[in-house]
Structure formats: C-alpha cells, structure tokens
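Read the numbers this way: they start at 1 and go in the same order the structure lists the ligands and their atoms.
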Amino acid sequence: SDVLRRSVLFRYLQISSFTNSSWMRTDALILLGELQTHSWSNASDTVSCVKPWAQGTFSSQQWVHLQNIFRVFRSSFTRDIQEFAKMLSLEYPMELQLSGGCEVHPGNISEHFLHVAYQGEHILSFQGTAWEPAPQAPHWVDLVIKVLNQDKGTRETVQWLLNDICPQFVNGLLETGKSDLEKQVKPKAWLSSGPSPGPGHLLLVCHVSGFYPKPMWVMWVRGDQEQQGTQRGDILPNGDETWYLRATLDVAAGEAAGLACRVKHSSLGGQDFVLYWGEKGLG
Ligand code: 7LP
C-alpha cells in the first residue's frame, strides 16, 4: 500500500511554560505525518487519542503501561526543571520545548531523535545512549548534562522508547489508521484578482483549497507554457486536516487573456484542474 511505501515521521511535541516558581503548565501533541493522533493537555492525567485508531496495535495492558511512564515522566520533568532553575539561578519565565520521535522508512529501517529547546533555542539532545549538549549551547548546559547522564534508569527507558517502542507503535498505527492515512481529498479552486502591482498591471490569484495530502502542484500557464513568474504561497492549514495554497502572477493588463491556472494533485488521478482567467466575468 501507499502509506507503507513512503517514510513516515512520528513526533511527540511538548511545550512547557514556567511563568514563575509556582505557575507552570505542560501540553503536548503527537503527529503521524500530517495528522494529529494524540493530545495531552496539562489538565489531563493521560494522553488522549484523537483518532479511533490511535492505540495502534498495542494491547490495553501495554497502553496503560505507557500511560504510567508518561505520567511519571511529566511530573518528574516539571520537578527537574524547577530544581535546575534554582541550582543555576535561571530567570522566569522559562519556555521549554521537547521534540522526540522516529521516522520509519520502508523496509523496517528507522531513525529517532529527542531534542530539547530552552527559550526557543536548541540546548540538548539524546544521542545513542546519553544526553549531549547542542553545538551552540550555553555553558550551564554541560552541568545539566552531567546530572542527567548519572540517571542510568532514565537513559535506558529513553533508549527503549526511541529504539523499540517508537517504530513498533508506528508500524501498528500504519495498519490501524491505514484508511485515514491514505485518504485523498480533492481541492476546490477559484480565481480572483489581488492588489494591483502597479499601473497597467494585474495580480492574478489562483486559490486551491481543501486538499489532502499536502503535496500539490499549481502553476499559471498559457496553453502548455508554464509561467515562470508564478509565485507560490506557503501551504496553510484549513484546520480540518486539509490544506490551502495560492499561486499569484503579475501580468500586464493586456496579457491576462488566455492565461489559466493548472492544478495537479494525487486526488485528481491525472485529471488536472484548469481554470481560465476571464471566465465567469473575471479579468
Ligand atoms: C522516562 C523516565 O526529559 C520524552 C520521554 C522521556 C521518558 C523518560 C523518567 O520519567 C524520571 C524519573 O526517574 C526515576 O524513576 C525512573 C523509573 O520511573 C527510573 O528509575 C530512574 O532511574 C529514576 O531516576 C527522571 O526524573 C527524568 O529526569 C525526568 C525528565 C527526563 C527528561 N530530561 C531531559 C529534559 C531536561 C532538560 C533540562 C534542561 C533545562 C533545565 C532548566 C532550565 C532549562 C533547561 N525519568
């Protein structure tokens, strides 16, 4: 199947805000490729599944075991940060971000990562069997690393989670979530004119919205000629697990006739969308 042929990135993303020595919160989410599978609000004791297939192929017993590990981890992490802050006289507010997970490639090959950022800057990572400072980390991070690496139990748990559990869990999710992960949603497309780029010029705007998955091709064309002046916007989330993209072209007002916006996407099965400028009263 398609989803097993490509590489998939599985990420745990955590944001911890320490406002002062008594106000803090930790929220997290888990993503499989473009889709959110889990969320973990500060108010909740457990990681919640946001997809019916998000327990993968793990048994209830394995799931409860992992929930316990995460619960202990979150409270220990909070306590660790407060102790380090006191020890190193770090100032509040503090923002910590954790990004960890694995990328599973076809043929059961997988890579993993676990990075920590402080005030938006990468400061340390878990590499192989131990914690390591990031290349440009401040000097106090060396002291943190020394303390963290003394905890052999935690280093073993982290290795087990990254090396064994992560790829196993992802392989299960690829089975149980197959139909969601392989869904194809066709885009809608429409044209508009943007703010005039200058006297005698038009800004043609082609909007493409509501598509899934993310890879998308859109170009302004004249016949078969791709217009090299096409400016692609960023792919933006619609918020309903579909995406939005626009492509603009700056043209002399007299040259707009005959231009078209061409859209290619996996959901269209080779039947490209072509929208002509000047149809339905535009231009
Ligand atoms: C699970 C182990 O993030 C992302 C998944 C990580 C899973 C780790 C764990 O919870 C904590 C408890 O350890 C104790 O019990 C264990 C069994 O439950 C073992 O027996 C272990 O030996 C024992 O010590 C442990 O407290 C751990 O330290 C929790 C946090 C782990 C962690 N560390 C990296 C992030 C911290 C970086 C701080 C840098 C910093 C500091 C201050 C300001 C800014 C930045 N283990």
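- In this structure, atom 6 (C) of ligand 1 is in close contact with the protein, since a protein heavy atom lies within 4.0 Å of it.
- When F77, W160, Y12, F73 are checked for heavy-atom proximity to atom 10 (O) of ligand 1, F73 turns out nearest.
- There is no protein heavy atom closer than 4.0 angstrom to atom 16 (C) of ligand 1.
- With 3.5 Å as the limit, one finds no donor-acceptor pair spanning the side chains of H115 and Q97.
- Shown here are the side-chain contact (heavy atoms from CB on, under 4.5 Å) partners of Y276, two or more places apart in sequence or in another chain: A260, V274, E279.
- Within the 4.0 Å heavy-atom criterion, the part of V144 lying near ligand 1 is the side chain and not the backbone.
- Within the 4.0 Å heavy-atom criterion, the part of L96 lying near ligand 1 is the side chain and not the backbone.
- Distances shorter than 4.0 angstrom occur between a heavy atom of I123 and an atom of ligand 1.
- Of the polar atoms of Y118, none of the N or O atoms is found under 3.5 Å from an N or O of ligand 1, judged by distance alone.
- Atoms of ligand 1 found under 4.0 Å from any heavy atom of R79 (numbered from 1 in listed order, with element): 26 (O).
- Polar contact check, T157 against ligand 1: no nitrogen or oxygen pair lies under 3.5 Å apart.
- Ligand 1 has at least one atom lying under 4.0 Å from a heavy atom of W131.
- For atom 28 (O) of ligand 1, the protein comes within 4.0 Å by at least one heavy atom.
- With a 4.5 Å cut-off between side-chain heavy atoms of Ile, Leu, Val, Met, Phe, Trp and Tyr, the cluster of I109 takes in none.
- Checking F10, F70, W63 one by one against H38, the ring pair (Phe, Tyr, Trp, His ring centres under 6.0 Å) holds for a single residue, W63.
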